Participant: 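Here it is: the structure, laid out below.
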Amino acid sequence: MGDRKLPRAFYTRTNVLTVARELLGRLLVVPAPDGARISGLIVETEAYRGPDDRASHAYGGRRTDRTRTMYAVGGTAYVYFVYGMHHQFNVVTNVEDVPHAVLVRALEPVEGIDVMRRRRRGRADEGLTSGPGKLCLALGIDRALDRADLLGERVWIEGGRGPIPRSAIAAGPRIGIDYADAWRDKPWRFWVRNSPFVSR
DNA sequence: CAAGTGATTAGC
DNA sequence: CTAATCACTTGC
């Protein structure tokens, strides 16, 4: 198992679709309040390709208080709040000033499952982290982590099980972006085929 | 299938 | 300033 944090160069590559696929099978980690680890293997991602992607918050090069984070260097966390109740955890990719990002949509719980069950009382284990808002609840991720460096100590990603073979990766249209006209149907959502932990 | 919830954004 | 919208989840 790759016990080390993914290096900066993993994130600064120029093809956000490649990074979105290669994030599958990696271990997302946050420290628990007591210092233990809470973690899960990434099983579902979506790529958002900055200025030319109508579905991206940074479409057209938009720079606002919220989207400023997307222009940070690859390997920065982009965390925002939607629908009045849910946080979303994204990984900024590419070099500084290119606003590409990958939304992490689902995890397979690995460490700290007891903590996750407490935070998501009543849910089956398959439902603890099977959605972008759910996994933020389970891991305790909120906007305090926006702009956090993924090579730091507040949230990071390790090699995990390593890259998932291309044959085991499924792709389809992204969720919740019906407003994005031509970009709506692009198959930029990736998941581990047969994983019971992906979102619905 | 629709409500809920509040930050964010565009537009005046 | 106001009003519409939203990279979702849950329970009806």
Side-chain angles (χ1 to χ4, degrees), chain A residues 11 15-21 23-24 28 40 42-72 74 76-94 98-109 116-148 150 155 157 170-192 195-200:
Chain A
Y11 301 106
N15 189 336
V16 66
L17 303 179
T18 300
V19 179
R21 279 187 291 256
L23 277 169
L24 296 174
L28 175 62
I42 298 172
V43 296
E44 181 177 343
T45 60
E46 280 178 2
Y48 286 87
R49 204 176 66 185
D52 62 318
D53 177 6
R54 179 76 180 74
S56 170
H57 293 159
Y59 176 62
R62 188 165 58 187
R63 259 182 208 262
T64 62
D65 281 345
R66 177 177 65 165
T67 65
R68 181 165 34 250
T69 306
M70 296 186 75
Y71 294 82
T76 301
Y78 170 43
V79 182
Y80 64 92
F81 189 66
V82 268
Y83 297 119
M85 39 185 96
H86 305 296
H87 294 275
Q88 312 275 296
F89 174 78
N90 300 253
V91 174
V92 174
T93 71
N94 215 310
V98 180
H100 291 183
V102 176
L103 171 65
V104 176
R105 287 193 56 89
L107 303 176
E108 173 180 340
M116 299 191 204
R117 289 190 185 119
R118 213 173 307 135
R119 289 174 173 168
R120 308 255 316 128
R121 195 168 294 285
R123 308 282 149 198
D125 284 2
E126 290 76 18
L128 293 176
T129 52
S130 58
K134 299 177 185 180
L135 71 90
C136 285
L137 263 178
L139 270 63
I141 292 173
D142 63 20
R143 279 179 303 172
L145 288 180
D146 185 42
R147 263 193 119 68
L150 295 179
V155 54
I157 300 174
R174 296 170 292 177
I175 304 293
I177 53 147
D178 288 348
Y179 56 85
D181 358 292
W183 284 262
R184 184 183 51 202
D185 302 318
K186 293 201 177 297
W188 289 359
R189 170 177 174 240
F190 305 100
W191 66 94
V192 177
S195 169
F197 299 95
V198 300
S199 69
R200 297 190 297 144

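Chain naming here is simple, since letters A, B, ... match the order of the sequence lines and numbering starts at 1 in each. Predicted, not measured: the structure shown is a model, and the values here were computed from it. All heavy atoms count here, side chains included; hydrogens, waters and symmetry mates do not.
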Participant: Give me the first and last nucleotide of DNA chain C, going 5' to 3', that has any atom under 4.0 Å from a heavy atom of chain A.
Facilitator: dC6(C) to dG11(C)
Participant: Which parts of nucleotides 5-12 of chain B does protein reach within less than 4.0 Å, heavy atoms only, written one letter per nucleotide 5' to 3' as B for base, S for sugar-phosphate only and - for none?
Facilitator: BBSSSS--
Participant: Side chain to side chain contact (heavy atoms under 4.5 Å, CB included) with Tyr59(A): which residues, sequence neighbours excluded?
Facilitator: Arg54(A)
Participant: Tell me whether the rings of Phe81(A) and His87(A) are parallel (<30°), tilted (30 to 60°) or perpendicular (>60°).
Facilitator: tilted
Participant: Regarding Arg200(A), tell me which of base, sugar-phosphate or nothing describes its non-hydrogen contacts under 4.0 Å with the strands shown.
Facilitator: base
Participant: Taking only heavy atoms on the protein side, list every residue of residues 170-189 of chain A lying under 4.0 Å from any atom of DNA chain C, sorted numerically.
Facilitator: Ile175(A), Gly176(A), Ile177(A), Tyr179(A)
Participant: Could you give the distance from CZ (Phe190(A)) to CZ (Arg21(A)), rounded to the nearest 0.5 Å?
Facilitator: 4.5 Å
Participant: Any base atoms under 4.0 Å from Gln88(A), or only sugar-phosphate, or nothing? Heavy atoms, all strands.
Facilitator: sugar-phosphate
Participant: Please output the side-chain donor-acceptor pairs of residues 137-146 of chain A that fall under 3.5 Å, not counting sequence neighbours, one pair per line with the distance.
Facilitator:
unit_1    : atom_1 : unit_2    : atom_2 : d
Asp142(A) : OD1    : Ala144(A) : N      : 2.9
Asp146(A) : OD1    : Thr69(A)  : OG1    : 3.2
Asp146(A) : OD1    : Val79(A)  : N      : 3.1
Asp146(A) : OD2    : Thr69(A)  : OG1    : 3.1

Participant: For Ala72(A), give me all partners under side chain to side chain contact (heavy atoms under 4.5 Å, CB included), at least two apart in sequence or on another chain.
Facilitator: Thr76(A), Arg147(A)
Participant: Please list, chain by chain and in numerical order, all residues satisfying side chain to side chain contact (heavy atoms under 4.5 Å, CB included) with Val192(A), sequence neighbours excluded.
Facilitator: Leu24(A), Val43(A), Ile164(A), Ser195(A)
Participant: Give a yes or no on whether the backbone of Thr67(A) and the side-chain of Tyr80(A) come within a donor-acceptor separation of less than 3.5 Å.
Facilitator: no
Participant: For Arg49(A), check side chain to side chain donor-acceptor pair (under 3.5 Å) against everything at least two apart and list the hits.
Facilitator: Asp52(A)
Participant: In dot-bracket, 5' to 3', how would DNA chain C read with Watson-Crick or G-U wobble pairs under 3.5 Å, [ ] for crossing ones and | for pairs to another strand?
Facilitator: ||||||.||||.
Participant: Could you name each residue pair satisfying salt bridge (Lys or Arg N to Asp or Glu O under 4.0 Å) that touches residues 119-141 of chain A, not counting sequence neighbours?
Facilitator: Arg117(A)-Asp125(A)
Participant: Which distance, rounded to the nearest 0.5 Å, do you find between the CG of Leu135(A) and the CZ of Phe89(A)?
Facilitator: 8.5 Å
Participant: Just jot down the side chain to side chain donor-acceptor pair (under 3.5 Å) partners of Asp65(A), sequence neighbours excluded, or say none.
Facilitator: Arg68(A)
Participant: Quick one: side chain to side chain contact (heavy atoms under 4.5 Å, CB included) partners of Pro132(A), sequence neighbours excluded?
Facilitator: Gln88(A), Leu103(A), Arg105(A)
Participant: Checking the side chain of Arg174(A) only, and the main-chain atoms of Ala47(A) only, is there a donor and an acceptor separated by less than 3.5 Å?
Facilitator: yes
